Number of protein chains: 2
Amino acid sequence: MDFYQMAGKMAVGSRLRKLSDTLTENAAKVYDVYQVDLEPRWFPVFYTLAKTEGLGVMEIAQSIGQSHASVSQIIQKMKKKGLITEVKDQTDGRKSVVELSARGKEVSEKLEHQMIDVKSASEELLAEMQYDMWKSIEEMEFLLEQRSLFDRVMAKRKEREVQKVKIIDYTDQYQKDFKQLNVEWIEAYFKVEKTDLLYLDDPKSYIIDKGGHIFFAEYGGKIVGTCALAKMDDETFELAKMGVSPKAQGKSIGWLLGLACIDKAKALGAKRIFLESNTRLVPAINLYHKLGFQKVTGPPSPYERANIQMELVL
Amino acid sequence: MDFYQMAGKMAVGSRLRKLSDTLTENAAKVYDVYQVDLEPRWFPVFYTLAKTEGLGVMEIAQSIGQSHASVSQIIQKMKKKGLITEVKDQTDGRKSVVELSARGKEVSEKLEHQMIDVKSASEELLAEMQYDMWKSIEEMEFLLEQRSLFDRVMAKRKEREVQKVKIIDYTDQYQKDFKQLNVEWIEAYFKVEKTDLLYLDDPKSYIIDKGGHIFFAEYGGKIVGTCALAKMDDETFELAKMGVSPKAQGKSIGWLLGLACIDKAKALGAKRIFLESNTRLVPAINLYHKLGFQKVTGPPSPYERANIQMELVL
DNA sequence: TTTAATTACGTAAGCACTTACGTAAATATA
DNA sequence: TATATTTACGTAAGTGCTTACGTAATTAAA
């Protein structure tokens with residue numbers, strides 16, 4: 001069992017399984033001793049029927065957390081042993097009502113002693129523990145319900161990926177990336193307009209030299225996102241030309257670029273950031289919202305596709 | 001999942017299994033996302049090989065706590081996928097040495113990211129917990145190693161059975177039980193002697209009326225054990241004629257009868273209890289020992305079968 | 001009222017493990 | 001040195017669950 005030590009906490013699941021396997025094995029031995037004519041794995045079904053008479057296959061399956069197919073198979077075997085009887089439901093022709101037979105009830109009585117002993121042994125074991133296993137289970141079930149392990153792993157993955165993203169400033173060598181990343185999304189949803197080409201072909205003159213900035217997101221040695229901050233007046237910048245490669249999604253690149261723009265604008269003493277977009281770009285609008293932008297009504301846009309304007313007061 | 005609530009702590013095992021199943025399911029989803037070409041259940045084998053190059057099937061099996069057959073099957077499938085290479089051991093012709101292929105090592109690198117994320121997610125989850133699941137697991141493993149659940153259940157069973165045993169005093173109606181219980185074991189090992197019959201046929205005159213006592217153990221409405229305390233002199237009693245029905249073994253009936261005798265002797269102001277037995281009766285001798293009796297050499301016995309004498313100083 | 005969707009259930013097939021068994025090689029024992 | 005036992009491994013068969021599919025009955029929707 002070296003593996004469990006090496007893998008450490010990564011293998012909580014496997015380790016829990018091992019533990020439950022040990023307990024299951026022990027339970028099987030217990031059945032032997034008490035000479036109850038019942039397969040250990042039938043117990044959940046049997047117990048459920050002992051507590052509530054007359055249940056359908058589906059109801060039992062739900063109660064014990066297994067598939068109806070499995071219950072159906074178990075029921076067949078228990079019927080062969082004469083432990084239960086099965087009758088068709090009178091009001092619902094699909095349903096078959098299952099309950100303990102006379103023999104089943106006899107077994108149930110025998111089983112009761114065993115249950116008492118198993119229960120008190122389990123309770124004693126749990127009570128002996130310094131670290132409350134029972135509450136641990138409950139807590140873990142709760143925590144996983146709140147946020148599954150899968151979601152947690154994904155969050156960690158994103159965290160790790162984000163750390164690999166570098167936000168860098170404009171230099172002429174990135175002009176092609178600037179154009180390509182923007183053309184990509186514009187063509188996917190709209191048409192490239194003349195005003196677009198002006199900015200995309202010569203960002204140096206139209207953005208940088210006018211007191212604006214352009215940021216790029218680098219990931220794995222490649223430029224995977226960009227965003228421009230164009231100066232409108234001494235107190236206002238426009239956030240524009242944000243483009244992120246579809247291949248690099250899920251790494252919060254838009255978020256990081258947005259933050260970089262906001263930081264820069266603040267550093268330059270701006271009072272607000274303005275932007276124009278289109279409501280069809282739902283993820284983008286959501287991102288702007290998360291960044292703090294609010295819907296406003298500004299001057300008419302030079303872009304055909306713009307149908308929403310937003311502003312962030314710094 | 002009503003069953004788990006109803007069954008309560010009795011079903012720790014099942015509940016642990018459910019929890020580990022949830023985690024396993026989540027793990028499977030994680031593999032999907034990271035696009036590592038590896039079945040989740042191969043992970044233990046793969047991981048072990050990644051950590052230690054060149055292992056035999058048995059070694060892997062032991063390390064991951066599964067059967068060699070299972071490992072053998074997994075290895076075959078991994079070989080088909082080109083993840084591992086298998087070579088015959090040079091010094092040991094039975095052994096086949098398995099290690100990761102070049103492709104396997106590539107996958108291993110890919111897997112590393114996934115492992116990092118799973119590990120930190122698991123660790124975060126565990127750290128979030130108020131009731132330390134990790135330590136709980138360790139503690140439970142330890143406790144079960146010390147004393148298995150099976151043993152604990154058996155102990156509880158005995159405890160429960162013992163409580164059903166009543167120790168009662170002699171009345172004439174029990175004379176037949178007294179004789180029958182003793183004849184049973186004497187005939188099984190030795191022969192009934194004349195001296196036996198004297199006491200067994202008329203315990204009233206030979207034991208009770210001479211200041212002695214006889215106790216009976218009642219279980220389930222039946223007399224299942226007996227033991228006599230015969231007065232030798234003002235300071236000495238003899239413990240004799242202890243017989244327990246084989247059907248009622250494992251209920252500590254001998255122990256309870258012995259205790260009753262000792263208590264009575266003490267109450268009557270005796271200074272010691274003496275007994276004679278035979279070393280062939282190993283469980284009996286052990287019981288006397290547990291009760292505090294020590295081997296002594298006393299006067300010669302009227303019984304042929306007696307080859308050991310013991311005494312308890314009160 | 002006809003049609004579609006849902007529900008309850010059984011059966012088949014698959015999966016991932018197990019135990020059981022067989023073979024070959026290595027090691028211990030006489 | 002011959003023989004018995006142990007060890008390493010593969011293969012077959014079994015087990016207990018699952019998913020997938022089919023059927024019949026019920027309920028909802030058009």
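Quick caveat, the model's predicted, so the values are computed rather than measured. Quick note on labels: first sequence line is chain A, next is B, and so on, each numbered from 1.
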Summary of protein contacts for nucleotides 12-25 of chain C, nucleotide by nucleotide, where a base hit scores B, a sugar-phosphate-only hit scores S (4.0 Å, heavy atoms): B---SBBB----BB
Between [X] ([atom1]) and [N] ([atom2]), how many Å, whole number?
X	N	atom1	atom2	result
A/Asp89	C/dA8	CG	C1'	11 Å
A/Lys88	D/dT26	NZ	P	10 Å
A/Met78	D/dG16	CE	C1'	16 Å
A/Met58	D/dT26	CE	C1'	14 Å
A/Ile60	C/dT7	CD1	C1'	16 Å

For the residue pair [X] and [Y], what are the closest heavy atoms and their distance?
X	Y	answer
A/Ser136	B/Met129	O-CE, 3.2 Å
B/Glu128	A/Glu139	O-OE2, 4.1 Å
B/Val97	B/Gly54	CG1-CA, 3.5 Å

Do B/Tyr131 and A/Tyr131 have ring centroids that are under 6.0 Å from one another? no
Students often get this wrong, so: under 4.0 angstrom with heavy atoms, is A/Glu86 touching a base, only sugar-phosphate, or nothing? sugar-phosphate
Using a strict cut-off of less than 4.0 Å between a Lys/Arg side-chain nitrogen and an Asp/Glu carboxylate oxygen, indicate whether B/Asp89 and B/Arg94 qualify as a salt bridge. no
Between A/Asp37 and A/Lys110, is the closest basic N to carboxylate O distance under 4.0 Å? no
